[in-house]
Amino acid sequence: MPERSLMGIVARTAYWVDWWQRFGPASGNEPKLDDPFGRYVITTFVKGTNMGPYEAARHIPGVSGHDLAYTANRHFSIVLLNEAIADLVNAHARLDISQAWGDGTTVAAEGTHMDTYLDNLLAETSVRYGKPGGIAYHHISDTYVALFTHFIPCGVWEAVYIIEGLLKNSSEVKPTTVHADTQGQSQPVFALVHLLGFDLMPRIRNWKGLTFYRPSKTTEYVHIDALFGEVGKNVIDWDLIESQFRHLMKVAVSVREGVISSSTLLKRLRSGSKKNATYAAFREACRVIRTVQLLRYLSDPALRRRVTAATNKTEAFNGFSQWIGFGNRGVIADNDPVEQEKAMKFNALLTNAVIFHNALDIAEMVRQLREEGWIIEPEDLAHISPYLTEHINRFGEYSTHELGIQPEAYDPKLDVDFTPLRDQDLAAARFSQAA
């Protein structure tokens, strides 16, 4: 892999994808920047690495901390950052090399702990991680890029945010299956995800504590009856689901149309009030869906491998994004929740830019190897991750000379037949449906 600098990676991807065009002053009355391209590239680099504007100004010639802080505050918003992230996701999806890793139909959601200062609204001690801070919650495509990222408190069950990232994803990549770890599932989540047209398949621990439900009191199974407990118990209340189905659909439509936040709804439903008929109906619907998913998980080894591989990608992304966000020892210095959210977006934007650039470098290396006579199989490329760091220089004086060098157009095409990989996925999917 050719040696790269982070600043150069950001500049080249900005030239190629034009994601920097998304940014600008909120009001047309504000003065325009003399060099918006350069300022936006440097600001993205500074905020994405978590260096902070005034610390970065000590290492980058020609800029001041005040200018960088002003640009980040007045020209970048959460909405615009989401749009720029979507631009990189779309460009990455058009690369032939991305087909080696997936087709964009699956996504994995998982959070990672982020250190913050204690005197702010979101900071609290995490029971799961054992230290104070917040959670960067990522939705990672099967092609390795981050579709959506946001910052959430430590004290909430991560499952309540799993749907929000799916609905707010504005890219052309539209996954239909979502994977997560145990934190990404709860009773109402299964039902709401299903009603919204997604397939939730999490990696679950503590199987001994899970209950399988029978469709009727008289239903018995030959080989797996012990999973369902005593005959006549753990039975689905179909009448309740039928009587409340209109309400369930109204709730799902309200969430999809943005009338109510999915996280707010799931927090209410997770209260567990048995007097709430809507909660009870969600609970019954979840029991149906989760029982089916658990049986699929048990009967399909290929599915278990896919779930594990998807959740492993999110863990690898967490480490990769934190490697890129090396500034300030990884501590989020902003106390404002909006700025904390923007910090996560900046890091996701920079991380996706590096992933996109690494994918292009990998494709170029493949072309060179093929010219030398090497035979490159799609299975070989499927085992290569774009989370490569050895060739990237993070430290030293950050020269801006690359900002003025317009790169040659990149080639998204790669003469490799990825059909065998898709055929394997289709065969595994048919087997799963048959099971």
Side-chain angles (χ1 to χ4, degrees), residues 6-7 9-57 59-60 62-91 114 116 120 122 134 136-138 145-152 165 168-171 321 324-328 330-356 398 400 403:
L6 274 179
M7 185 76 76
I9 288 175
V10 180
R12 279 187 291 276
T13 58
Y15 271 118
W16 287 328
V17 182
D18 273 343
W19 53 259
W20 69 277
Q21 298 274 15
R22 295 290 185 179
F23 305 116
S27 170
N29 296 325
E30 296 185 37
K32 302 293 189 288
L33 299 177
D34 293 334
D35 178 21
F37 174 86
R39 186 71 65 82
Y40 294 158
V41 166
I42 295 174
T43 302
T44 300
F45 165 77
V46 170
K47 297 293 288 185
T49 57
N50 197 37
M51 289 179 64
Y54 293 93
E55 176 64 25
H59 303 273
I60 304 176
V63 297
S64 69
H66 175 269
D67 290 341
L68 293 175
Y70 175 88
T71 304
N73 292 333
R74 304 298 292 269
H75 288 243
F76 289 78
S77 68
I78 291 176
V79 173
L80 298 180
L81 284 165
N82 283 335
E83 293 176 354
I85 291 171
D87 288 338
L88 279 168
V89 172
N90 295 338
M114 301 296 296
T116 64
N120 69 79
L122 286 183
Y137 199 64
H138 305 292
V145 294
L147 301 184
F148 191 79
T149 294
H150 51 174
F151 194 63
I152 63 177
K168 290 186 177 181
N169 165 39
S170 59
S171 72
S321 64
I324 290 174
F326 58 85
N328 198 30
V331 178
I332 304 301
D334 290 296
N335 290 330
D336 183 353
V338 174
E339 293 303 314
Q340 291 172 338
E341 180 82 1
K342 285 174 64 176
M344 297 299 99
K345 304 290 187 183
F346 271 113
N347 180 253
L349 175 61
L350 179 56
T351 302
N352 277 357
V354 177
I355 293 170
F356 175 74
Y398 300 110
T400 58
L403 300 183

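Just so it is clear, the model here is predicted, and its values are computed rather than measured.
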Heavy atoms only: give me the nearest M114-A136 pair and the separation to one decimal. CG-CB, 3.7 Å
Can you tell if the side chain of T44 reaches within under 4.5 Å of the side chain of W20, non-hydrogen atoms only? no
Can you tell me which residue among V10, T149, L81, N82 is in a side chain to side chain contact (heavy atoms under 4.5 Å, CB included) with L349? L81
In this structure, NE2 of H138 is separated from CE of M344 (nearest 0.5 Å) by 7.5 Å
Interatomic distance, I324 atom CD1 to L350 atom CG [nearest 0.5 angstrom]: 5.0 Å
Would you mind telling me which of F151, F76, F45 makes a ring pair (Phe, Tyr, Trp, His ring centres under 6.0 Å) with F346? F76
From the list Y15, W19, F23, ring pair (Phe, Tyr, Trp, His ring centres under 6.0 Å) with F37 holds only for Y15
Any salt bridge (Lys or Arg N to Asp or Glu O under 4.0 Å) involving residues 13-24? Give me the pairs, sequence neighbours left out, ordered by first then second residue. R22-E83, R22-D87
Rounded at 0.5 Å granularity, tell me how far CE in M51 sits from CD1 in I60. 5.5 Å
Heavy-atom closest pair, residues L403 and A11: CD2-CB, 3.7 Å
Minimum heavy-atom distance between V89 and A146, given as atom pair plus value: CG2-O, 3.5 Å
Do you know which two heavy atoms are closest between A14 and V41, and how far apart they sit? CB-CG2, 3.9 Å
Donor-acceptor contact below 3.5 Å, side chain N90 vs main chain A86: yes
Aromatic plane relationship, F148 with H150 - under 30° parallel, 30 to 60° tilted, over 60° perpendicular: perpendicular
What I'd like to find out is whether the side chain of D334 reaches to under 4.5 Å of the side chain of K342, using heavy atoms alone. no
Provide the closest heavy-atom pair for V17 versus A91 in the form atom of the first, atom of the second, distance. CG2-CB, 3.9 Å
Looking only at heavy atoms, the pair that brings Y40 and G24 closest together is OH-CA, 3.3 Å
Any residue meeting side-chain hydrogen bond (donor to acceptor under 3.5 Å, both in side chains) with E55, in chain and number order, not counting sequence neighbours: R58, H59
Go through the structure and list residues passing side-chain hydrogen bond (donor to acceptor under 3.5 Å, both in side chains) with S77, not counting sequence neighbours. none
CG (L147) and CG (L88) are apart, to the nearest 0.5 Å, by 12.0 Å
Have a look at T71 and tell me which of T43, I42, V46, V63 forms a side chain to side chain contact (heavy atoms under 4.5 Å, CB included) with it. T43
To the nearest 0.5 Å, tell me how far F356 CZ sits from T351 OG1. 15.0 Å
Looking at G48, is its backbone amide N or carbonyl O close enough to the side chain of N347 to form a donor-acceptor pair, meaning the two atoms are under 3.5 Å apart? yes
dist I332:CD1 -> E339:CD (nearest 0.5 Å) comes out at 11.5 Å
